[in-house]
Amino acid sequence: MAAPAAVEGAALVALRSVMVRVRQAAERSGRDPERIRVVGVSKTKPASLIRQVYDAGHRRFGENYVQEILEKAPQLPGDIEWHFVGHLQSNKVKSLLAGVPNISVVEGVHNEKIANHLDNAVSSLGRNPLKVLVQVNTSGEASKSGVEPSGVVELAKHVKLNCPNLLFSGLMTIGMPDYTSTPENFRTLSNCKIEVCKALGLTEEQCELSMGMSGDFEQAIEMGSTSVRIGSTIFGPREYAKRQ
């Protein structure tokens, strides 16, 4: 179903506003705005709306559910850099990679098992090495996936040393839904980055930080995020009732 024209127009206005806010947040913290990536997370939204944002020049989009990205990706241009964000079940790894050949990053490696499944799937499909981010549970919530901060170095080592078809590219976290602990969550991830860089002999540029969403992306940028995941602020409120 096509998105109404008014919704499409609103999304383009919102995208421009987000990009201005990203630039301002980067400049406030003395960072290069060009080094901050904006991933438009389009879950529950139709491919037609994503296409409008694509036609405005945006190329990075993310999805949280395998079925949604499998449905949308074939309807959209092949130069989109798809990010799969969040919990990925091992039994859906191969269908994700086979069905979305232009998937760029998996943000959500939360244990060695999923890393191994991804590594094997990339190998069996003959794909180029796949970028992955290790997901860290910085809030301590049982409902969230992610390795505990104390285990992040070991998981990052496993990906880098034992998964030749994966490219360890950094860390990601999902903050508290009410943003009450956002600074603490972001500070924890930044500290994890320091530990991982030291243990793996990486420079800061070799370890990305994906943190910050619609409600806190400016603060995330000011605290060192290199990638922010913006959903409802660009695309409008999510429509979970329509999701099958």
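Bear in mind the structure is a predicted one, so any value in this text is a computation, not a measurement. Just so it is clear, the values below take in all heavy atoms, side chains as well, and ignore hydrogens, waters and symmetry mates.
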*asked:* Taking side chain to side chain donor-acceptor pair (under 3.5 Å) as the definition, give me every residue that meets it alongside Lys92, ordered by chain and number, with sequence neighbours left out.
replied: Gln89
_Looking at Leu209, is its backbone amide N or carbonyl O close enough to the side chain of Thr226 to form a donor-acceptor pair, meaning the two atoms are under 3.5 Å apart?_
yes
*asked:* Quick check on the hydrophobic clustering: are Leu88 and Leu70 connected, directly or via other members, by side-chain heavy-atom contacts under 4.5 Å?
replied: yes
*Side-chain donor or acceptor of Gln75 paired with backbone N/O of Glu71 under 3.5 Å*: yes
*Taking atom CZ of Arg127 as the centre, report whether more than 12 heavy atoms of other residues, nucleotides or ligands fall under 6.0 Å from it.*
yes
*asked:* side chain to side chain contact (heavy atoms under 4.5 Å, CB included) for Leu49 and Ser42? Distances and angles first, verdict last.
replied: CA-CA 9 Å; Leu49 184 55; Ser42 46; over 6 Å; no
_Main chain of Tyr65, side chain of Lys43: is a donor-acceptor contact present, judged purely on distance under 3.5 Å?_
no
_So if I apply the salt bridge (Lys or Arg N to Asp or Glu O under 4.0 Å) rule between Glu63 and each of Lys72, Lys45, Arg229, which one comes out positive?_
Lys72
*Cluster link Ile194 to Leu189, ILVMFWY, side chain under 4.5 Å*: no
*asked:* Under a 3.5 Å distance rule, please check whether Glu68 uses its side chain to pair with a backbone N or O of Thr44 as donor and acceptor.
replied: yes
*asked:* Using only atom types and a distance under 3.5 Å, with no angle test, would you say the side chain of Asn102 pairs donor to acceptor with the backbone of Asp79?
replied: no
*Apply the test side chain to side chain contact (heavy atoms under 4.5 Å, CB included) to residues Ser104 and Arg60: give CA-CA distance (whole Å), side-chain angles for both, the deciding distance (0.1 Å), then the verdict.*
CA-CA 9 Å; Ser104 175; Arg60 296 185 182 94; over 6 Å; no
*Looking at Ile234 and Gly40, what are the two nearest heavy atoms and their distance?*
CD1-CA, 4.4 Å
_Would you compute the distance between atom CD of Gln206 and atom CG of Leu167 and round it to the nearest 0.5 angstrom?_
11.5 Å
*Within the side chain of Arg35, is there an N or O that forms a donor-acceptor pair under 3.5 Å with the backbone of Glu205?*
no
*What heavy-atom pair brings His58 and Val38 nearest, and what distance separates the two atoms?*
NE2-O, 2.9 Å
*Before accepting this row, confirm whether a basic side-chain N of the pair Arg59/Glu81 lies closer than 4.0 Å to the acidic partner's carboxylate O.*
no
_Selection residues 87-120 - residue pairs positive for ring pair (Phe, Tyr, Trp, His ring centres under 6.0 Å), sequence neighbours left out_ = His87-His110
*When you look at Arg21 and Glu218, which way does the salt bridge (Lys or Arg N to Asp or Glu O under 4.0 Å) test go after all the steps?*
CA-CA 7 Å; Arg21 291 167 65 187; Glu218 289 157 303; 2.9 Å; yes
*Looking at side-chain heavy atoms only, is the closest gap between Leu171 and Cys207 below 4.5 Å?*
yes
*Side-chain donor-acceptor contact under 3.5 Å, Thr173 with Thr138*: yes
*From Ile103, Asn165, Asp119, residue fulfilling side chain to side chain contact (heavy atoms under 4.5 Å, CB included) relative to Leu130*: Ile103
*Side-chain contact, heavy-atom cut-off 4.5 Å: Cys163 with Leu118?*
no
*Kindly compute the distance separating CG (Leu161) from CZ (Phe168), expressed to the nearest 0.5 Å.*
11.0 Å
*What pairs meet the ring pair (Phe, Tyr, Trp, His ring centres under 6.0 Å) rule with one or both residues in residues 131-154, with sequence neighbours excluded?*
none
*Calculate, to the nearest 0.5 Å, the distance between atoms NE2 and CD belonging to His158 and Glu112 respectively.*
4.5 Å
*Taking every non-hydrogen atom, the tightest pair across Ser225 and Ile36*: O-CD1, 3.4 Å
*Does some side-chain heavy atom of Lys113 sit less than 4.5 Å from a side-chain heavy atom of Asn116?*
no
_Please say yes or no: joined through hydrophobic side-chain contacts below 4.5 Å, possibly via intermediate residues, are Leu155 and Ile114 part of one cluster?_
yes
*asked:* Give me the atom names and distance for the closest heavy-atom approach of Ser29 to Ile221.
replied: OG-O, 4.0 Å
_On a heavy-atom basis, which atom in Ala156 and which in Leu200 lie closest, and how many Å separate them?_
O-CD2, 3.9 Å
_One thing to verify: whether Lys131 and Glu208 come together as a salt bridge, which I'm taking to mean a side-chain N less than 4.0 angstrom from a carboxylate O._
no
*Sub-3.5 Å donor-acceptor pair from the side chain of Ser17 to the main-chain atoms of Val13, do we have one?*
no
_Under 3.5 Å donor-acceptor, Asn137 side chain and Glu148 backbone_ = no
*Close side-chain approach of Ile174 to Gln135, heavy-atom, < 4.5 Å*: yes
*Considering all heavy atoms of both residues, which atom of Ala25 and which atom of Glu222 are nearest to each other, and what is their separation?*
O-CG, 3.8 Å
*Val66, Val122: one ILVMFWY side-chain cluster at the under-4.5 Å cut-off?*
yes
_Derivation and outcome, side chain to side chain contact (heavy atoms under 4.5 Å, CB included), residues Phe84 and Leu96_ = CA-CA 9 Å; Phe84 185 84; Leu96 171 67; 4.0 Å; yes
*Does the side chain of Leu133 come within less than 4.5 Å of His83's, by heavy atoms?*
no
*Validation row: Ser227, Met172 side chains within 4.5 angstrom (heavy atoms)*: no
